[in-house]
2 protein chains.
Amino acid sequence: MTTTAKISRRGPRRALTGDDILEAALSLLDEGGPAAASIRGIAAKVGVAPNAVYTYFPDKAAVVQAVVEHLLGQVNHAIVADENLPWTQRIEHLALDLRERLSAHPGAVSLMIGGPMDGPNALALNERLMEILVDSGLHPSDAARASYLLIVYVFGSIALEVAELGETRQARPEAERIAERRAGFSAIPAGTYPLSAAAASTMAAYVSTEQYVWGLHRVLAGIGGPPNPTELPPHR
Amino acid sequence: MTTTAKISRRGPRRALTGDDILEAALSLLDEGGPAAASIRGIAAKVGVAPNAVYTYFPDKAAVVQAVVEHLLGQVNHAIVADENLPWTQRIEHLALDLRERLSAHPGAVSLMIGGPMDGPNALALNERLMEILVDSGLHPSDAARASYLLIVYVFGSIALEVAELGETRQARPEAERIAERRAGFSAIPAGTYPLSAAAASTMAAYVSTEQYVWGLHRVLAGIGGPPNPTELPPHR
DNA sequence: CTTTCATCCTGTACGGCGTACAGTATTTGT
DNA sequence: ACAAATACTGTACGCCGTACAGGATGAAAG
């Protein structure tokens with residue numbers, strides 16, 4: 001999607017492209033988290049003086065924003081659409097794929113929720129969700145609301161997940177992490193937090209694929225359910 | 001909840017309390033966002049040398065974590081419980097109150113989702129949600145899952161909201177903001193994003209109390225609905 | 001072909017950050 | 001009265017983002 005404009009300028013040729021910088025930033029982000037993705041670090045990685053970066057981006061905020069858009073675009077492009085499946089499964093596929101691909105760059109997740117996220121690729125994701133929802137028969141304005149609800153759920157889940165697991169990638173088995181967490185939760189005082197203490201085992205698995213799809217299913221059920229159920233769905 | 005231990009030490013008396021630092025940090029956070037809440041800024045605000053802060057907290061991360069816990073505790077304490085209302089309304093009250101009180105400190109929101117959020121006050125919030133959910137008849141383990149879903153929704157919403165509105169408080173009427181956003185969205189190319197362009201008016205109100213409760217109602221409906229609805233709730 | 005000049009990149013520098021280290025003043029226990 | 005422990009200050013180091021000035025480059029203008 002990066003259109004090579006190829007306009008001829010008047011000075012020396014550029015040693016870099018904007019994408020070089022973005023990819024360098026992204027790899028630094030993956031290795032050392034947001035702290036490592038400094039202007040000076042990026043410049044060193046691509047082999048120029050620190051302030052050479054300002055030829056391509058006006059300031060660091062612009063770099064960050066571009067990195068987010070870059071990542072969002074490549075993720076968005078990598079996820080294939082499953083036409084002619086039930087809408088719930090289409091969204092589930094999309095949501096699971098999003099989680100997997102975004103969690104691969106945990107350092108970037110903090111940056112996403114640190115800015116407006118209103119670039120074209122964010123819009124494309126919204127469009128994509130709305131397509132499925134309108135296809136399912138929802139009125140466009142409800143589809144828009146539902147799309148945002150899904151975005152909140154997906155990005156909220158991933159953000160909390162990254163907050164819990166840290167901003168640099170760690171390839172540890174999920175079961176191991178959960179077991180460790182369960183051990184920590186066994187110390188919850190049952191006197192002050194009786195319900196949490198009783199559900200410690202479930203809470204240990206808060207950050208897991210299973211919990212993610214569980215919550216997603218509830219959200220989908222809420223979206224697909226009757227239009228005004230909250231007035232009286234008495235306690236289960 | 002801050003237990004004054006009053007143990008006598010051997011050196012000079014402390015000029016500050018830990019809470020002095022936390023409140024200074026919080027007010028700086030409100031005035032100038034996370035960037036303003038620097039160790040040096042906090043120290044200047046309470047009238048000591050920068051490194052005097054390290055008498056009370058080992059490093060900046062500890063200060064941040066303590067600020068989050070502090071805020072979470074005071075918010076948690078300020079929200080009054082409405083017993084003997086339907087569980088959906090009890091949660092709605094809680095969720096609306098949480099949003100209002102946390103949005104009052106937008107600079108702190110970025111810090112919350114930047115760390116694990118597993119302190120006692122976070123646990124207390126979980127306990128509180130679980131109380132309502134178990135009361136409504138949910139099995140404890142499902143209540144735990146539902147509690148986390150709600151936490152994801154509430155904090156995810158607020159995080160995206162802050163990302164959109166900025167990290168320093170702004171007392172502008174909601175309607176004005178939305179109108180401005182709608183004007184910006186009118187430029188969406190209907191060729192590439194037809195559905196988004198058609199729903200631009202709804203999307204302009206993504207960050208609003210109305211959208212927040214709309215999404216919350218769907219989530220509540222999903223929680224209160226049948227246990228396995230996603231297998232076949234065909235397109236509406 | 002030569003000159004002009006916009007442009008890219010570098011070197012240097014400034015102010016701010018977190019925080020490590022050493023020193024000094026203050027209070028308590030012996 | 002003295003010693004030990006503690007709170008705070010002054011100073012300094014290595015990062016950070018980035019402003020500014022100067023030199024190399026190469027296309028456009030003469």
Side-chain angles (χ1 to χ4, degrees), chain A residues 4-22 24-29 31-68 107 110-111 114-115 167-168, chain B residues 4-22 24-29 31-68 107 110-111 114-115 167-168:
Chain A
T4 343
K6 207 204 172 190
I7 50 159
S8 79
R9 323 173 133 68
R10 205 182 241 208
R13 267 148 206 166
R14 297 196 153 181
L16 274 48
T17 64
D19 282 19
D20 289 338
I21 293 174
L22 298 185
L26 198 51
S27 81
L28 284 174
L29 229 32
E31 294 162 21
S38 63
I39 293 286
R40 299 173 111 101
I42 295 168
K45 185 126 194 167
V46 296
V48 295
N51 35 3
V53 173
Y54 293 95
T55 303
Y56 303 86
F57 299 95
D59 53 21
K60 184 176 182 176
V63 177
V64 167
Q65 193 177 329
V67 165
V68 169
S110 347
L111 304 182
E167 294 175 316
T168 60
Chain B
T4 344
K6 208 204 168 191
I7 51 159
S8 78
R9 329 174 127 67
R10 207 179 232 201
R13 269 151 206 162
R14 296 197 155 182
L16 274 48
T17 64
D19 282 18
D20 289 338
I21 292 174
L22 298 186
L26 198 51
S27 79
L28 284 173
L29 228 32
E31 293 161 22
S38 63
I39 293 286
R40 298 174 112 102
I42 294 168
K45 185 128 198 167
V46 296
V48 294
N51 36 3
V53 174
Y54 293 94
T55 304
Y56 302 86
F57 299 95
D59 53 20
K60 185 176 183 177
V63 178
V64 166
Q65 194 177 329
V67 165
V68 168
S110 346
L111 304 182
E167 294 176 318
T168 61

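Proteins come first, then strands; the chains are lettered A, B, ... in the order of their sequence lines, and each starts at number 1. The model shown is predicted, which means the values in this text are computed figures rather than measured ones.
The side chain of B:S8 contributes an N or O atom lying less than 4.0 Å from OP1 or OP2 of C:dG29. At D:dT6, none of the side-chain N or O atoms of B:R9 fall inside 4.0 Å of OP1 or OP2 (strictly under the cut-off).
Other residues, nucleotides and ligands place more than 12 heavy atoms under 6.0 Å from the CD atom of A:E167.
To the nearest angstrom, C1' of D:dA5 lies 13 Å from CZ of B:R14. Rounded to an integer number of Å, the gap from A:I42 CD1 to D:dG17 P is 8 Å. Rounded to whole Å, the distance from CG on A:D59 to C1' on D:dT18 is 9 Å. Rounded to an integer number of Å, the gap from B:I21 CD1 to D:dA7 P is 12 Å. The separation between B:Y54 atom OH and C:dT19 atom C1' is 4 Å, rounded to whole Å. Distance CG (B:L28) to P (C:dG16): 15 Å, rounded to an integer number of Å.
Atom CG of A:L26 sits about 9.5 Å away from atom CG of A:L111, to the nearest 0.5 Å.
Taking the side chain of A:N51 as heavy atoms from C-beta on, and the options C:dC9, D:dC20, C:dC17, the nearest nucleotide is D:dC20. For B:A49, the listed nucleotide lying nearest its side chain is D:dT9; candidates were C:dT19, D:dT9, D:dA7. The side chain of B:P12 approaches D:dA7 more closely than any other nucleotide in the set C:dG18, D:dT18, D:dA7. The side chain of B:R40 approaches D:dA12 more closely than any other nucleotide in the set D:dG17, D:dA12, C:dT10. Comparing D:dT18, D:dT6, D:dG26 against the side chain of A:R10 picks out D:dG26 as the nearest. Looking at the side chain of B:R13, the nearest of the listed nucleotides C:dG18, D:dA7, C:dT28 is C:dT28. In the set C:dT19, D:dA7, C:dC17, the nucleotide with an atom closest to the side chain of B:T55 is D:dA7.
Nearest-nucleotide positions on DNA chain D place B:G11 closer to the 5' end than the other of B:G11 and B:G47. Between B:P50 and A:S38, the residue anchored nearer the 5' end of DNA chain D, judged by the nucleotide with its closest heavy atom, is B:P50.
Within 4.0 Å (heavy atoms only), A:F57 reaches no atom of the nucleic acid at all.
At least one donor-acceptor pair under 3.5 Å links the side chain of B:D59 to the backbone N or O of B:A62. Side chain of A:Y56 to backbone of A:D20: no donor-acceptor contact under 3.5 angstrom is found.
For the pair B:V67/B:V64, no side-chain contact is recorded, criterion being any heavy-atom separation below 4.5 Å from C-beta on.
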